Visitor: 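What follows is a single structure, and I will ask about it in a moment.
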Amino acid sequence: MEPLSVALHGIRMAEPIAGRRVLVLGAGPIGLAAIYWARQLGAVRIAAMAPSRRRAGLATAMGADGLATFGDREAEEVEQLLGGKPEIILECAGKAGVLDRAIGLAGIGAKIVVLGYCVTMDSFFPITALGKEVTIRFSKMYQLQDFQDTMASLASGHLDPRTMITRRIGLSDVPATFEALRTDRDQCKVMIAPHEA
């Protein structure tokens with residue numbers, strides 16, 4: 001519920017989505033949920049972008065047309081996937097430098113919505129944002145309506161978040177799983193099922 005609601009709130013700040021080229025920076029639970037909602041709300045093309053291709057399968061399963069990786073050819077990869085520069089960018093990574101990267105990748109007049117929770121100082125070149133006349137908005141979690149709409153989607157069967165779930169564990173596995181997550185980068189969303197052994 002939580003990542004889906006957070007993503008829906010951010011997507012709504014970027015509307016209209018229908019017919020737009022959307023870039024999602026980050027392929028964690030929030031980024032994957034943002035991909036899902038962008039597809040549901042009619043984005044014409046969606047590209048995910050992450051440091052590695054590890055979550056490419058998850059991104060396409062949630063609705064992305066492909067995944068680009070950070071690096072020297074990132075702008076070219078993104079434009080190839082989208083058929084042009086991004087019109088909407090959803091920053092879901094929450095790391096220093098990603099907002100600056102979003103501005104650099106943005107098309108003229110693009111909307112950038114920051115959903116990522118960056119807890120360190122960050123900077124960007126205002127002249128680049130000014131030259132492109134980008135709009136930058138920051139999204140804080142979700143509102144009651146976002147949560148209710150997500151819950152209604154789950155209840156009606158229109159939403160299948162299970163794609164993000166990479167592992168299910170019982171309560172007895174919680175301590176060991178938390179310890180393993182310090183180094184295990186293959187997991188996306190680990191669900192705790194108390195009734196399971």
Side-chain angles (χ1 to χ4, degrees), residues 1-50 55 58-59 61-65 82 86-103 105-107 109-122 124 129 132-166 181 187-194:
M1 288 296 300
E2 194 269 348
L4 292 162
S5 299
V6 168
L8 180 57
H9 185 64
I11 285 275
R12 286 176 165 163
M13 293 179 82
E15 286 183 324
I17 299 293
R20 304 297 178 111
R21 295 184 302 271
V22 176
L23 172 62
V24 178
L25 298 174
I30 303 294
L32 294 171
I35 290 166
Y36 176 83
W37 286 118
R39 180 60 67 207
Q40 294 306 304
L41 294 172
V44 66
R45 298 287 295 176
I46 303 167
M49 191 170 176
R55 298 222 172 120
L58 286 171
M62 292 298 282
D65 294 295
L82 293 177
E87 298 169 287
I88 295 171
I89 300 178
L90 303 163
E91 191 282 287
C92 302
K95 296 193 186 284
V98 180
L99 177 56
D100 185 54
R101 176 174 263 126
I103 294 167
L105 293 166
K111 293 179 185 177
I112 300 171
V113 179
V114 179
L115 293 88
Y117 193 70
C118 184
V119 295
T120 61
M121 290 293 290
D122 200 358
F124 62 89
K132 294 182 177 186
E133 287 196 333
V134 299
T135 300
I136 303 172
R137 296 190 70 185
F138 291 83
S139 175
K140 182 182 175 188
M141 299 196 54
Y142 51 83
Q143 296 177 347
L144 178 60
Q145 190 64 55
D146 304 310
F147 199 86
Q148 290 173 332
D149 290 345
T150 297
M151 194 165 31
S153 294
L154 286 168
S156 67
H158 292 161
L159 187 61
D160 186 3
R162 289 173 290 187
T163 302
M164 288 189 278
I165 300 169
T166 52
L181 287 173
Q187 300 302 326
C188 179
K189 195 76 175 160
V190 176
M191 294 296 293
I192 300 170

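Heavy atoms only: backbone and side chains are in, while hydrogens, waters and symmetry mates are out. Owing to the predicted nature of the structure, the values given are computational and were not obtained by experimental measurement. The chain is numbered in sequence order, starting from 1.
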Visitor: Would a 4.5 Å heavy-atom cut-off, applied to side chains only, mark Pro16 and Lys111 as touching?
Guide: yes
Visitor: Minimum heavy-atom separation for Ala96 to Met121, with atom names?
Guide: CB-O, 4.0 Å
Visitor: In this structure, which one of Ile30, Ile11, Ile35, Leu32 forms a side chain to side chain contact (heavy atoms under 4.5 Å, CB included) with Val24?
Guide: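 Passing option: Ile35.
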Visitor: CZ of Arg55 to CE of Met62: how many Å apart, nearest 0.5 Å?
Guide: 12.0 Å
Visitor: Using the side chain to side chain contact (heavy atoms under 4.5 Å, CB included) criterion, which residues pair with Phe138? Sequence neighbours excluded.
Guide: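 With sequence neighbours excluded, Phe138 shows a side chain to side chain contact (heavy atoms under 4.5 Å, CB included) to Leu99, Val114, Ile136, given in chain and number order.
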Visitor: Go through the structure and list residues passing side chain to side chain contact (heavy atoms under 4.5 Å, CB included) with Ala14, not counting sequence neighbours.
Guide: Ile17, Ile88, Leu90, Val113
Visitor: Return the minimal non-hydrogen interatomic distance between Phe124 and Ile103, and the atom names on each side.
Guide: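 In terms of heavy atoms, the two residues are closest at CD1-CD1, 3.5 Å.
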Visitor: Going from CE on Met49 to CD1 on Ile89, what distance comes out if it is rounded to the nearest 0.5 angstrom?
Guide: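 The CE atom of Met49 sits 9.5 Å away from the CD1 atom of Ile89.
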Visitor: Once rounded to the nearest 0.5 Å, what's the spacing between atom OH of Tyr142 and atom CG of Leu115?
Guide: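 If we round to the nearest 0.5 Å, Tyr142:OH and Leu115:CG are 13.5 Å apart.
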Visitor: On a heavy-atom basis, which atom in Pro86 and which in Ala110 lie closest, and how many Å separate them?
Guide: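 That closest heavy-atom pairing would be O-CB, 3.7 Å.
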Visitor: Testing the basics here: between Ala7 and Ala34, what is the closest heavy-atom pair and its distance to 0.1 Å?
Guide: CB-N, 3.4 Å
Visitor: Answer yes or no: is there a side-chain heavy-atom contact under 4.5 Å between His9 and Phe147?
Guide: no
Visitor: Out of curiosity, Gln40 CD to Ser153 OG, how far, rounded to the nearest 0.5 Å?
Guide: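 Here the interatomic distance stands at 8.0 Å.
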Visitor: So, do Met1 and Met151 sit near enough that their side-chain heavy atoms are less than 4.5 Å apart?
Guide: yes
Visitor: Quick test of your reading: applying salt bridge (Lys or Arg N to Asp or Glu O under 4.0 Å), list the pairs with at least one residue in residues 132-148, sequence neighbours left out, ordered by first then second residue.
Guide: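 Checked against salt bridge (Lys or Arg N to Asp or Glu O under 4.0 Å) - neighbours excluded - the pairs reaching residues 132-148 are Arg12-Asp146.
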Visitor: Of all residues at least two apart in sequence or in a different chain, which pass the side chain to side chain contact (heavy atoms under 4.5 Å, CB included) check with Lys95?
Guide: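 Listed in chain order: Val98.
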Visitor: How long is the straight-line distance from CG of Leu8 back to OG1 of Thr150, given to the nearest 0.5 Å?
Guide: 5.0 Å
Visitor: Hey, what do you get for CD (Gln148) to OG (Ser5), rounding to the nearest 0.5 Å?
Guide: 10.0 Å
Visitor: Residues in side chain to side chain contact (heavy atoms under 4.5 Å, CB included) with Ala47, at least two apart?
Guide: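 So Ala47 forms a side chain to side chain contact (heavy atoms under 4.5 Å, CB included) with Leu23, Leu81, Leu82.
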Visitor: The criterion is side-chain hydrogen bond (donor to acceptor under 3.5 Å, both in side chains); which residues satisfy it with Gln145, sequence neighbours excluded?
Guide: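 By the side-chain hydrogen bond (donor to acceptor under 3.5 Å, both in side chains) rule, Gln145 matches Asp149.
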Visitor: Shortest non-hydrogen contact from Gly107 to Val134?
Guide: O-CG1, 4.1 Å
